[in-house]
Participant: 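I am attaching a structure below and will ask some questions about it afterwards.
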There are 2 protein chains.
Amino acid sequence: MPTSKDVARLAGVSQSTVSYVMSGKRPISEEVRRRVEEAMAEIGFQPNAGARALAGRRTSVVGLVVPFGPSADTTGLLPFVETIATGVREHDYDVLLVTADEGPSALTRLEGRRLCDAIVLMEIEAHDPRIEVAASLRVPVVLIGVPQDPRGLPCVDVDFAEAARLAVTELAGSGHDRVVVLGHPAEAVLRDVNYVRRFTDSALATAHDAGLPYEVVGPVEPTPLGAERAVEAAGLDRPGLTGVVVAGTAAVQPVLTALVRAGHHPGRDVTVMGVCTDAAAAAAEPPVTNVSLEPRDVSRLAVRTVFRLLDAEGADAPPDVALVTPRLTHRSTTARAGAPAA
Amino acid sequence: MPTSKDVARLAGVSQSTVSYVMSGKRPISEEVRRRVEEAMAEIGFQPNAGARALAGRRTSVVGLVVPFGPSADTTGLLPFVETIATGVREHDYDVLLVTADEGPSALTRLEGRRLCDAIVLMEIEAHDPRIEVAASLRVPVVLIGVPQDPRGLPCVDVDFAEAARLAVTELAGSGHDRVVVLGHPAEAVLRDVNYVRRFTDSALATAHDAGLPYEVVGPVEPTPLGAERAVEAAGLDRPGLTGVVVAGTAAVQPVLTALVRAGHHPGRDVTVMGVCTDAAAAAAEPPVTNVSLEPRDVSRLAVRTVFRLLDAEGADAPPDVALVTPRLTHRSTTARAGAPAA
DNA sequence: GATCATCGTCGATGCGCTTCGACGGGGACC
DNA sequence: GGTCCCCGTCGAAGCGCATCGACGATGATC
């Protein structure tokens with residue numbers, strides 16, 4: 001395997017010059033740069049990552065701690081991971097994948113062995129044991145999800161409060177008589193993921209401010225059976241126009257299906273507002289009005305935060321909490337008050 | 001951050017002795033070993049991964065190339081990734097995650113920069129451009145999926161041919177009049193993933209040998225609409241007992257739902273045989289008889305293969321193709337011939 | 001009791017890179 | 001014409017570990 005010394009010999013320069021060509025940390029004449037680059041290409045040189053890490057004290061690796069294990073919501077995770085992987089690659093970084101069931105010791109390992117320059121923690125719970133450890137590290141850490149006490153660590157997430165506000169405000173403004181929130185799956189509630197509370201609280205507060213009766217049904221399992229039960233519990237047979245807010249991508253289609261089977265017509269006698277990705281909303285049958293919940297946006301924000309931390313070395317610290325603002329898109333499940341019910 | 005030299009000083013030994021305590025490559029007296037280990041614990045020593053990689057010429061990292069990007073079946077992927085991550089950690093290895101949309105150059109980068117000791121390639125297609133590159137590497141590569149020409153690279157996968165044989169044999173033996181195979185999603189067919197053909201061919205051959213009429217419906221999208229269309233196309237209104245084989249975890253529930261909506265009674269007037277994970281089969285409504293398709297088993301086999309390659313350095317080469325044998329489990333969707341239809 | 005292998009430890013070297021200080025050779029400037 | 005300075009390059013010194021040869025101290029062997 002060729003080394004930078006080989007490149008240097010071929011280009012007729014010193015090895016340190018090769019290094020400066022790569023890093024750009026000292027001015028290099030056009031002529032020499034060209035010779036070095038040609039030499040690198042000719043022998044197919046690639047810098048040894050281990051040597052780089054040792055000499056340069058940086059690994060060009062981001063550690064990603066993902067919540068696997070039986071308890072994890074395994075479905076929506078991959079877009080996060082993918083976007084982060086792709087995002088860091090644009091900075092010529094790589095991703096080291098660590099599973100959360102290794103526990104907080106995974107964090108000290110990543111730091112102690114110098115396996116990465118920064119760490120991203122996913123699926124942060126309201127009271128997460130990893131946070132205290134994370135806060136004590138010297139490597140920068142970014143949290144995806146907002147815990148009760150971030151301990152000064154930067155967090156990124158979707159703005160769930162704003163999502164709930166958007167959804168309920170829209171329903172209140174378009175003549176609905178009540179709002180029913182179909183909640184998150186029991187698994188998420190039990191794990192005490194913070195966004196569940198932020199979403200629910202905001203939904204209730206907004207409905208209350210608008211003078212709109214509201215109700216939270218939940219937890220709801222994202223299965224045909226769970227959706228059926230939730231629809232039953234929603235009490236849609238009362239007179240008046242109900243707005244149903246469905247929280248979570250996985251629950252949207254089952255709830256739609258259950259509604260139709262129960263004889264309802266989303267978009268006519270009931271409004272369904274999904275809190276889910278635009279892709280899922282558009283692909284649903286029928287296409288569902290939604291407030292966007294985009295994991296990719298969150299991941300991109302996380303990557304940006306990581307490199308802000310990495311570049312600035314504490315200088316321009318990123319905001320403590322950065323939230324992605326959701327967006328409401330009308331599709332076919334919005335019913336207008338006054339239109340004839342089925 | 002403490003180094004092995006610090007440990008050596010504290011324990012009153014030389015640095016090389018500390019190294020030998022860690023590696024076990026030379027005999028160490030009980031007394032010295034104890035002192036060194038205490039010293040390591042006291043100052044919280046952890047070996048620097050970069051220095052190790054440089055001096056020892058091994059990184060203790062496995063590169064995992066996953067097929068992200070728009071074309072990928074993103075749903076079933078995570079169990080693979082998780083199991084591999086957990087599996088290599090048992091050997092004190094880590095996983096470097098690379099997305100396949102970086103293309104074959106990702107492989108040369110992993111090798112050239114010495115980022116990992118072995119590579120696992122996922123979602124191998126029948127004619128995969130990564131394979132030729134992979135075969136030319138000096139780092140060992142394991143394929144998950146069986147391409148048309150593995151170029152000598154070891155492959156692991158589920159035995160799809162056996163899965164189809166199991167399913168169809170069972171149906172043939174229990175008095176069914178015909179077999180309908182609901183195929184894989186169009187996306188998988190288009191990508192020319194090899195298992196689709198292996199499964200279908202084997203299903204047809206087995207049905208033919210059993211003298212059973214058969215039919216392949218497909219491609220089938222794993223959505224309510226796609227399932228409905230597939231159920232229609234299956235022609236279940238003909239007299240006689242039909243066995244429906246549903247290929248792919250994602251399609252099982254939609255097909256079941258569509259069948260019920262069309263007025264059928266899985267387990268009475270029609271048999272449904274899922275080709276999916278046991279977990280999905282048990283969780284389905286109703287629980288579905290299935291041939292197990294366990295990504296975790298495949299991943300474990302992949303990890304085992306990786307370390308066989310790593311330990312043996314070519315000595316005891318693993319088999320070219322190692323397949324996980326599926327298992328048939330009866331649940332509530334198996335109908336018996338002669339029982340009254342609905 | 002001299003010889004020789006064996007065990008347990010040490011010192012030195014090098015992995016391939018980054019980075020620092022040094023230094024020769026031009027301009028720019030007085 | 002001399003001084004100063006900056007540009008572009010080089011040599012050397014590590015980064016923290018693994019590994020090799022050396023070597024003193026045992027114990028075994030005849």
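Reminder, nothing fancy here: chain letters follow the sequence lines and each chain counts from 1. What you see is a predicted model; the values in this text were computed from it and never measured.
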Participant: Please determine, for the side chain of A:A55, which listed nucleotide (D:dC17, D:dG14, C:dT9) has the closest atom?
Facilitator: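 Of all the options, the side chain of A:A55 is nearest to D:dG14.
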
Participant: Distance check needed: C:dG14 P versus A:N48 CG, whole Å only.
Facilitator: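 Those two atoms, CG and P, are 18 Å apart.
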
Participant: Is the shortest side-chain heavy-atom distance between B:V98 and A:D94 below 4.5 Å?
Facilitator: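 They are in contact (side-chain heavy atoms under 4.5 Å apart), so the answer is yes.
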
Participant: With sugar-phosphate meaning primed atoms plus P, OP1 and OP2, does B:V18 contact a base, only sugar-phosphate, or nothing at under 4.0 Å between heavy atoms?
Facilitator: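 B:V18: no heavy atom of the nucleic acid under 4.0 Å.
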
Participant: Rounded to the nearest Å, what distance is computed from the NZ atom of residue A:K5 to the P atom of nucleotide C:dC15?
Facilitator: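 From A:K5 NZ to C:dC15 P: 6 Å.
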
Participant: According to a strict under-4.0 Å criterion, is A:S14 in side-chain N/O contact with OP1 or OP2 of D:dC10?
Facilitator: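 Yes.
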
Participant: On DNA chain C, does the nearest nucleotide to A:P2 precede the nearest nucleotide to A:R26 from the 5' side, or the other way round? Give the residue.
Facilitator: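 So the residue in question is A:P2.
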
Participant: Is any side-chain heavy atom of A:L310 closer than 4.5 Å to one of A:P140?
Facilitator: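 In contact.
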
Participant: Counting distance alone, no hydrogens or angles: does the base of C:dG11 have a donor or acceptor under 3.5 Å from a partner atom on the side chain of B:S16?
Facilitator: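 It does, because a donor-acceptor pair links the side chain of B:S16 to the base of C:dG11 below 3.5 Å.
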
Participant: How close or far is atom P of C:dG16 from atom CE of A:M40, stated in whole angstroms?
Facilitator: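 After rounding, the reported distance stands at 17 Å.
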
Participant: Atom CZ of B:R9 to atom P of D:dG16: distance rounded to whole Å?
Facilitator: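 In whole Å, D:dG16 P lies 12 Å from B:R9 CZ.
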
Participant: Heavy atoms under 4.0 Å, any strand shown: does A:M22 hit a base, just sugar-phosphate, or nothing?
Facilitator: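 Sugar-phosphate, backbone atoms only, no base.
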
Participant: Measure the distance from CE on B:M1 to C1' on D:dC17 and round it to the nearest whole Å.
Facilitator: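 Spelled out: CE on B:M1 to C1' on D:dC17 is 16 Å.
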
Participant: Please tell me if the side chains of A:V156 and A:V324 come closer than 4.5 Å, counting only heavy atoms from C-beta onward.
Facilitator: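 A side-chain contact under 4.5 Å is absent here.
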
Participant: Whole-Å distance between D:dG16 C1' and B:I43 CD1?
Facilitator: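 Computing the B:I43:CD1 to D:dG16:C1' distance gives 13 Å.
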
Participant: Can you tell me if the side-chain N/O atoms of A:K25 get under 4.0 Å from OP1 or OP2 in C:dT18?
Facilitator: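 No, outside the criterion.
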
Participant: Select from B:R33 and A:L54 the residue whose nearest nucleotide in DNA chain C is closer to the 5' end of that strand.
Facilitator: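 On the 5' side of the pair lies B:R33.
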
Participant: Rounded to whole angstroms, how far apart are CD on B:Q15 and P on D:dG16?
Facilitator: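 Distance check: B:Q15 CD to D:dG16 P gives 11 Å.
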
Participant: Any N or O donor-acceptor pair linking the side chain of A:R52 to the base of D:dG16 at under 3.5 Å?
Facilitator: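 Per atom types, no contact qualifies.
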
Participant: Would you call the rings of A:F307 and A:H91 parallel, tilted or perpendicular if under 30° counts as parallel and over 60° as perpendicular?
Facilitator: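 Parallel.
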
Participant: Please confirm whether the shortest side-chain N or O distance from A:S19 to OP1 or OP2 of C:dC17 is below 4.0 Å.
Facilitator: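 It does not, given that no N or O in the side chain of A:S19 lies less than 4.0 Å from OP1 or OP2 of C:dC17.
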
Participant: Does some side-chain heavy atom of B:I119 sit less than 4.5 Å from a side-chain heavy atom of B:L107?
Facilitator: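 They are in side-chain contact.
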
Participant: In whole angstroms, how far is the P atom of C:dT9 from the CZ atom of B:R34?
Facilitator: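 Going from CZ in B:R34 over to P in C:dT9 covers 12 Å.
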
Participant: Can you find a donor-acceptor N/O pair under 3.5 angstrom joining the side chain of A:Y20 to the base of C:dC20?
Facilitator: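 Pair found.
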
Participant: Is any side-chain nitrogen or oxygen of A:S29 closer than 4.0 Å to OP1 or OP2 of D:dG8?
Facilitator: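 No, because none of the side-chain N or O atoms of A:S29 sits under 4.0 Å from OP1 or OP2 of D:dG8.
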
